[in-house]
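Only this structure's heavy atoms are used, side chains among them; waters, hydrogens and symmetry mates stay out. Numbering of ligands and ligand atoms starts at 1, following listing order. Just so we're clear, the structure is a prediction, and the values are computed from it rather than from any experiment.
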Amino acid sequence: MKVNGKAYRTVWMEDGVVKVIHQALLPHIFKIVDLPDHRAVAEAISSMIIRGAGAIGDVAGYGMAQVAREAPDEGFWDYVNSGAQRLRQTRPTAQNLFYAVKKVLDAMKAAPNIKEARRIAQEVAQGIADADAAQCEAIGRYGADLIKDGARVLTHCNAGWLAFADWGSALAPIYMAKRQGKKVFVFADETRPRCQGAILTAWELYQEDVDYAVIADNAAGYFMHRGDVDLVITGADRIAANGDTANKIGTYEKAVLAHENGVPFYIAAPSSTIDLQCPSGDAIPIEERSEEEVLGAVGLTAEGVVTRVRITHAKAHARNPGFDVTPARYIAGIITEHGISKPDKIKLIKPS
Ligand code: MRU
């Protein structure tokens, strides 16, 4: 990925400090934030400075490497276990978070001594981020075969490079198709209440020089009914063993609309998003976020300050589920780094 022509990853680690692109300030301000310890990493995940399933997993892996560095020899494992728990408690839905914490922890526990455990934590954390980028590139290659020259693709939320170490999941096939010389047009759902589509996807597509239009969430049916959408590709936060898929709130209704209008609906996600312990979507924990996100909106003032304004009257209440579950029957295929699977075959893929 390139931002203003310069190569970046969304998250990386230098000398024990985790560095992330501050996503809550985009697209108005591009800023890299230093996260000096695992508490800062946990706070950055909770406050959505860093967000998107893959990026949350990558940063949590690095957070575990910090836990290992911070832990004193005396009481090492107590510190490590409580650090792991702090990271797990930041957000409930994205499987990649739990995948990454477990992967680093398991590797540390297999180490012969504390010194080795610290070294291995760093190595495994780096491996998680590198694998994430490589898997997303593979998703791009497989997914690009679905995109014909001139295709019009609808996506929901942000599942581009900002939501991973690099490439993205749902947007990777679009970026790959563009590099193959195909013309692609993207409908980017605005994705209330946090507006990841309007704020992040639109900015990424601009950086990648892909033609797009932001649409209000409730406009997707209009465009599908007119025959203006050739396929839908969204990301995933957790995929259950039966193929039911949790993704950003509003995905379910886009899948039903796609079904109604004969538009193929695809999910794109690396295998680290698959949770074989969840038999179906009913078992996926769904985050309910602050009602303030629905009652207001964030934007740039004329003075150049990113600020929150209130939309509703002062006493209004709201509900704010962060995700919904799309039943497997609406999903034409799930694009992973291994290829395109029917949802009922996803249980054959073991998260690597
Ligand atoms: O709440 P967020 O911004 O962390 O949401 C997660 C997501 O980015 C989306 O649900 C996305 O479509 C899947 S994660 C790549």
> Should the proximity of N158 to ligand 1, defined as any heavy atom under 4.0 Å, be assigned to the side chain, the backbone, both, or neither?
Replying inline: backbone

> What is the nearest protein non-hydrogen atom to atom 15 (C) of ligand 1, stated with its residue, atom name and distance?
Replying inline: F164 CE1, 3.3 Å

> What closest approach, in Å, do A269 and A236 show between heavy atoms, and which atom pair accounts for it?
Replying inline: CB-CB, 3.9 Å

>> Could you walk me through whether T336 and I334 satisfy the side-chain contact (heavy atoms from CB on, under 4.5 Å) test, starting with their C-alpha distance in whole Å, then the side-chain angles of each, then the deciding distance to 0.1 Å, before giving a yes or no?
In response: CA-CA 6 Å; T336 72; I334 300 179; 4.1 Å; yes

> Which ligand 1 atoms, with their elements, are less than 4.0 angstrom from a heavy-atom of Q196?
Replying inline: 1 (O), 2 (P), 3 (O)

> What about the rings of F187 and Y212, do their centers lie closer together than 6.0 Å?
Replying inline: no

>> Checking a contact table here: which protein heavy atom is nearest atom 6 (C) of ligand 1, and how many Å away?
In response: D237 OD1, 3.1 Å

> Do I21 and L162 have side chains that get closer than 4.5 Å, going by heavy atoms?
Replying inline: yes

> Counting both backbone and side chain atoms, is some N or O of F323 under 3.5 Å from an N or O of ligand 1?
Replying inline: no

> For the residue pair E337 and I139, what are the closest heavy atoms and their distance?
Replying inline: N-CG1, 3.7 Å

>> The test is side-chain contact (heavy atoms from CB on, under 4.5 Å); show your working for T326 and N247 and say whether it passes.
In response: CA-CA 8 Å; T326 298; N247 192 51; 5.9 Å; no

> For ligand 1, which atoms sit closer than 4.0 Å to a heavy atom of A236?
Replying inline: 13 (C), 14 (S)

> Under 3.5 Å, is there a donor-acceptor pair between the side chain of K182 and the main chain of I174?
Replying inline: no

> Does K254 make a cation-pi contact with F265, if we ask for NZ or CZ under 6.0 Å from the ring centre and within 45° of the axis?
Replying inline: no

> Should one rank I249, I267, N247 by closest heavy-atom distance to atom 11 (C) of ligand 1, which comes out on top?
Replying inline: N247

> Which atoms of ligand 1 sit under 4.0 Å from any heavy atom of A163?
Replying inline: 15 (C)

>> Starting from atom 8 (O) of ligand 1, what is the nearest protein heavy atom, named by residue and atom, and what distance separates them?
In response: R51 NH2, 2.6 Å

> Against heavy atoms of M48, which atoms of ligand 1 measure under 4.0 Å?
Replying inline: 1 (O), 2 (P), 3 (O)

> With a 4.0 Å heavy-atom cut-off (strictly under), which part of A53 contacts ligand 1: side chain, backbone, both or neither?
Replying inline: both

> What part of A94, side chain, backbone, both or neither, has a heavy atom within less than 4.0 angstrom of ligand 1?
Replying inline: neither

>> Which option wins on minimum heavy-atom distance to atom 2 (P) of ligand 1: R91, R238, E287?
In response: R91

>> For atom 9 (C) of ligand 1, what is the closest protein heavy atom, and at what distance to 0.1 Å?
In response: C157 SG, 3.3 Å

>> Looking only at distances, can you tell me whether any N or O atom of K248, backbone or side chain, sits closer than 3.5 Å to an N or O atom of ligand 1?
In response: yes

> Where does the angle between the aromatic ring planes of Y8 and W12 fall among parallel (under 30°), tilted (30 to 60°) and perpendicular (over 60°)?
Replying inline: tilted

> Of the options T191, N158, D189, which is the one that meets T201 in a side chain to side chain donor-acceptor pair (under 3.5 Å)?
Replying inline: N158

